[in-house]
Each structure stands twice: as structure tokens, then as C-alpha cells.
2 protein chains.
Amino acid sequence: MVETRLLKQFIAVAEELHFHRAAARLNMAQPPLSQAIARLEDRLGFQLFIRSKREVALTLAGSAFLETAYTTLNHLETGIQRARDVAGGVAGRLTVTTVSLAYYEPVLDALRQFRKSLPNVELVIQEMPSSHQVKALMTGNSDVAFMRHMPIPNSIRSRKVLEESILLALPIDHPSVNKRSLDLSDFAQEDFVFTPQALGPGYYHQLMALCETAGFYPRIKQEAAQLHTLVGLVASGFGIALLPECMANAVLNHKVAFCPLRPIGDDSNAVLGLYMNWHHDNASPLLTKFIGMIETHSERHSAQACQLDWTDST
Amino acid sequence: MVETRLLKQFIAVAEELHFHRAAARLNMAQPPLSQAIARLEDRLGFQLFIRSKREVALTLAGSAFLETAYTTLNHLETGIQRARDVAGGVAGRLTVTTVSLAYYEPVLDALRQFRKSLPNVELVIQEMPSSHQVKALMTGNSDVAFMRHMPIPNSIRSRKVLEESILLALPIDHPSVNKRSLDLSDFAQEDFVFTPQALGPGYYHQLMALCETAGFYPRIKQEAAQLHTLVGLVASGFGIALLPECMANAVLNHKVAFCPLRPIGDDSNAVLGLYMNWHHDNASPLLTKFIGMIETHSERHSAQACQLDWTDST
DNA sequence: TTCAGTAATACGCTGTGCATATCAAACTTG
DNA sequence: CAAGTTTGATATGCACAGCGTATTACTGAA
């Protein structure tokens, strides 16, 4: 077995072509160095040096092996450093999954900052439905998952990243558009457009619960998976929709009005949360850092958001 | 210092994820293996495994380092094998230099065979004047040199590869063309074309000595460095020339006749030798093999050549 | 609760690999 | 040309790295 110690000793002798100087460089005496080289030659099965009594020269094979010695030690050293980086959380890979409409500022800010401050980290972002995300967290295919509902498995940790009001999206020519505030119960007889129940069950059920609180079960005229599509459907007069705040900013559609609803009793269902989730056993230091960054951005942003809400409501 | 032993032990544990089995695979007991891994982790500065009391798992950094361990050992092993090949003379590089017109069959045959039987050897062939070749041999820039004269430095070993007669090249309409054999002395008054003295001094002086033996000093009408050019000059009527046998085969020029000369006294100058030269201190096993091949081919060919000479002269 | 299976700890011993001392050869120098 | 210097190799003793055996400590299953 050729130990790295032998490689280093060989390199020293090959560079100095002088056992005494090489030994000095290695902080050892000359005789054991001679023995070490002899040992190495024995293990390799060929001569590395041609020793006249007076001077030392590399053989052809020795010269070839010198290259190998350099590259091997180099490669090892690089690999150690890289692994150390992974351990320290400044290298590696972090997989973030998200539902399609979770690209909010605090999330985007955190992603940007993460990429910038840890350039050696491969940041993988994948969109998928909530149910797939939960599986991905369990199997380790995902490190962080952004979705709307609290996941069930208790090996999963969650944190609310932000919350936003649910607004009623009306066609711009709807008679209620100019009212100061609306009661959802007044719209019991309207046609609704909704997301399908299959995708994002958390989102769907919450909106259903909201209607239930208002005392009716919505008549669903049309379903569409993408929230953008729902806005388009409202604009086209298919019906009205309940949508999160972000859609009012994201889509500058002059044919749709986004109106706040008057709270009804316990209004816990009138706000829609975005949750960051991760697996409890995931020990990746990158995950820790990412969570930290998200929390910072989330707090800063929610402070802003509150302020905006307040000015809006006055 | 991370020894290769530690890498191998780490790989065993990482593959088995089980200290007992890994230890068995390494033909050692479990406790020292545990110690070895602990030692490795200590030297690296980060955890490689997460040990619950019941099972072992790789950390992210451990997983990254496993790659490094594989590639490092692989690289080292490959390098050792390669250096071993160089030592055994089945890999490496052999530089052959030659004067421009030394492409005779035994040389070409040997080069072909060498390339075929040792495909991992880089065979470099360079043309240069004799004097440069001698320098190249001394500096190690050349392993084998083919040239016409015996080189002077006594650290250089030589071997005659082949010898060929010197023929008299006459224009096809020259009155002497049809004679059975010619005396060089009869051509004392003719114009000659020659190679310059500067290139190939051995060649030049030998031809001069040949004329001297014949009792005259040739009147040189024109010089040309390339033997091919000399043939052309003879064809154009510039004069006559003394040329080695090979030119009669190489150039199918119907305007020039190549006539054998009758030997005069000591005819040692009437044959032109091609010599293979190498440095005495050059220990390359490739050189040894090459010399062996050349000698084999040279002997076989010179036997053939003798036979041809004999049939020609009858 | 007991038992089987796992990794860690304790401790003694062996052999690798080091240092010191010395040798042998070859080049240098007065 | 002889003594000194510089070079790598050899001889010998010793320390400690790293192994084995015995044991412990913990976990999960019967």
C-alpha cells in the first residue's frame, strides 16, 4: 500500500534531488528518508531514482510517477477542502421546491441572497404540487418546500413565511365593485371559478371553509389549475373568484377588481399563509442557513406588509 | 496527514455502512476500525458518519469525501500502473532523429513494428543535420540518431545499420552508360554536382576521398543539399554525380543512369554506411527494445541485400 | 425482562518508521 | 597526493501508531 507520506517524501527527494536537503525539508533525518524511498520503490516494483554515490537522478518511470504523486496529493487536498466546505455549509446542494405561485418577495429575496453569499452552493428550484413536495421532503429529494397548508407527517417542521388576505375578484363592471366593503355572504348566488381540489388541497379547503362561514356553498362554474387563469376567467365573465392578495399585484388586469372582504366572526380563514417546510432529520448546514435567511427576510417583509395594510385600511 | 490506508478503511465503512462487516472485509477487528475512522474524522476536521447506537449513515460531507476517496485511490493506482509500464518499456516516449535520406526499409520496418508492438509509446521522429543530432543525443533530446558518419564523442554508441554502394549517376545519353563497368578515374575531367560540405560532412568527405583514391580532385559545377536535386541536375546535364544506391530505387528518372564503379584498391570508401547512434548513459528500456528491433531488421535486410548484389553482378 | 446486535472504550503488544551513529565512496583542495 | 568534505547507504535502538482481545454501553426485538 502506497501511503501519502511516501508520496510526500518522494516528491521532496525528486524536487531536491538530494537526500539531505529533502530530509531537512521534511523535518527528518536523512537515513530514514533513504529507507523510505527504498521502501516505496520496493512497493511500486520499479526504481524511482538512479543513485550514483555522488548524485541522484530520476528514472523515466520516476519522472512519470512524480506527475502522479503531484496530481494525487493535489486531488486529495482539493477533495478534503471541498468536503470541509460541504460540512461547513458553504458548498453542496440545496433543493427548494415550491407550489407555482409562491414567488413572493421575501422568498425571492432570500433565494437571491443565498445564491450571492454562497456561490459554491448548487441551488436547485423545482415546482411541484404540495403532495409531491411532502414526499420529496420525506425521501430527501427536497430540502425546503414552500406550500400553503401545514403538512401532516410530524417529522416535518413548518414555519409560516407570510400571510395575505383573501380578496374577492370581481369583473370591473360588477355592481358591487364600488362598495366600501363587501360581505362574502352577499355573493352566495354568484357563479364561482375555483382551483381543482386535487391540487393544493389546503388552499381549496380553506376557501371552502370561508364560504361555509359566510353561510353558503359556492356554485362552481369552472375550474382552472393556475391562479392566473382564474383571473382571466373572472375578466371574461365566467364568474367571481376568491384569490390571495398577491394576484392583485402580479396581474395588472384592468378588467378585474380585487375587493377586500369584511371579516366574519373568526376570520382565521380569511388570511392565506405560505409555509416553509423541512424534514426534522435533515442535518444539512445549508438548510439551517437557508431557514435563517428566510426568517430574516420574512420578518422584515411582514413588518412592511403590516404597515402597508394599516395605511390601506385608513 | 491522510494516509491511503485511512481512505481504504473509510471506503469500506461507507460502502458497508456497518463497522463489523467493513472490518471483516479489511481483515481486521472492529474496534481498531472504529478508532481509525475517528482518527480520520479528527484529521479532516469534520464528521464523516452519523452513528446512532444502532446504525451508521454518511453525512453530506462524508458523501462528498467518498467521491474524493474513490477518485484519489483510482488515480494513484492508474498512475502507478502507468509508471510501471514506463519502467517496463511498454509506455513512454522515444525520440528518433534522422538525416533526410535515411528512410530505408530496415529502418522503416523497425519503426512500423515498434509502433505496432508498443502502441502506448509516443514515437517522435525528427529530421535534422548530423551535427544537430549529436547535440540532441548529448542533451537527451534524442534517443536514437540515424546518420552517415561515426560521431566523435565517446559517450555515444554506434552501430552500422546498412551499407550501400556508391554509384555513378550519368545522364542517359552519356557515352559511358553502356559500358559493363566503369573506372572512376576515367571521369576526372567531368563536371560534378555535389552536396555542400556543411551538411553531412561525413558523406562529403567520403566521396572526396573516393575521388582522391581515383587520382583526381572533382571539379564541382554545382551544389545542392537534397540528393533528389542532384539527380535532377544530372538529368539536366549540369554534370555527373556520385550517389548512394538507394537513389536508383527511389527516383525513377529515365534521364539518369546509375552505374556501378569498379573497385579501386581499398574500396572502403566505395560503400556508404548508415549508422544508428545512441547515448551510452541512456537507460530507457524503450531504447534497448528499439535497438534490438533495428538490429533484427538490419540483419535480415542485409542478408537480402547481399543476395541481390550477387545476382546483379552475374 | 432478557437476548441479540451494534459501536465505543480499555489495555497490552507488535511492527513500522524514526533518530543517532557510522560507513563507504567520490569529488575537492591545500 | 593525502586529508577533508560531501554524498548516500547501513546498523542499531527506540517510540508510538495502529492492531487484537476483552469488555462496556446502548438499542431494539422476543
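Basis for what follows: all heavy atoms, side chains included, without hydrogens, waters or symmetry-related copies. Every chain is numbered from 1 and lettered A, B, ... according to where its sequence line falls, protein lines coming before strand lines.
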Quick one: ring-ring contact (aromatic ring centres under 6.0 Å, His included) pairs with a partner in residues 32-72 of chain B, sequence neighbours left out?
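Counting only pairs at least two positions apart or across chains, the ring-ring contact (aromatic ring centres under 6.0 Å, His included) contacts touching residues 32-72 of chain B are B:Phe10-B:Phe49, B:Phe10-B:Phe65.
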Any side-chain N or O of A:Arg39 less than 4.0 Å from the OP1 or OP2 oxygen of D:dA9?
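For D:dA9, OP1/OP2 do not have a side-chain N/O of A:Arg39 under 4.0 Å.
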Short question: side chain of A:Thr4, backbone of B:Val2 - any donor-acceptor pair under 3.5 Å?
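Such a contact is found between A:Thr4 side chain and B:Val2 backbone.
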Quick check: does any side chain N or O of B:Arg51 sit under 3.5 Å from a backbone N or O of B:Val56, one acting as donor and the other as acceptor?
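Between the backbone of B:Val56 and the side chain of B:Arg51 there is no qualifying donor-acceptor contact (under 3.5 Å).
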Atom CD1 in B:Ile291, atom CE in B:Met276: separation rounded to 0.5 Å?
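Reported to 0.5 Å precision, the distance equals 5.5 Å.
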Between CD1 on residue B:Ile294 and CG on residue B:Leu111, distance to nearest 0.5 Å
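If I round to the nearest 0.5 Å, the distance is 6.0 Å.
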From the 5' end of DNA chain C to its 3' end, which nucleotides mark the outer limits of contact with chain B, defined by a 4.0 Å heavy-atom distance cut-off (strictly under)?
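For DNA chain C, the relevant span reads C:dG5 to C:dC11.
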By a strict heavy-atom criterion of less than 4.0 Å, which residues belonging to residues 18-37 of chain B are in contact with DNA chain C?
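The answer is B:His18, B:Phe19, B:His20, B:Gln30, B:Pro31, B:Ser34, B:Gln35.
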Assess the side chains of B:Asn282 and B:Ser284: does a donor N or O sit below 3.5 Å from an acceptor N or O?
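Short answer, no.
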Does any donor atom in the side chain of A:Thr98 or A:Glu127 lie under 3.5 Å from an acceptor atom in the other side chain?
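Absent: no donor and acceptor within the cut-off.
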What is the distance, rounded to the nearest whole Å, between atom CD of A:Glu3 and atom C1' of D:dG18?
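So the two atoms are 12 Å apart, to the nearest Å.
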Tell me, please, which residues at least two apart from A:Asp85 pass side chain to side chain contact (heavy atoms under 4.5 Å, CB included).
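With sequence neighbours excluded, A:Asp85 shows a side chain to side chain contact (heavy atoms under 4.5 Å, CB included) to A:Gln81, A:Val90, A:Ala91, given in chain and number order.
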Nearest heavy atom decides the nucleotide; on that basis, is A:Arg5 or B:Val56 closer to the 5' end of DNA chain C?
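The 5'-side residue here is B:Val56.
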Does B:Glu67 come within less than 4.0 Å of A:Arg82, counting only side-chain N to carboxylate O?
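Between A:Arg82 and B:Glu67 there is no salt bridge, as every charged N stays at least 4.0 Å from the carboxylate O atoms.
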Contact list for residues 285-295 of chain A, test side-chain hydrogen bond (donor to acceptor under 3.5 Å, both in side chains), sequence neighbours left out
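Non-adjacent pairs meeting side-chain hydrogen bond (donor to acceptor under 3.5 Å, both in side chains): A:Arg159-A:Glu295.
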So which protein nitrogen or oxygen atoms get under 3.5 Å of nucleotides 25-30 of chain D's nitrogens or oxygens?
residue, atom, partner, partner atom, Å
D:dT27, O2, B:Arg54, NH1, 3.2

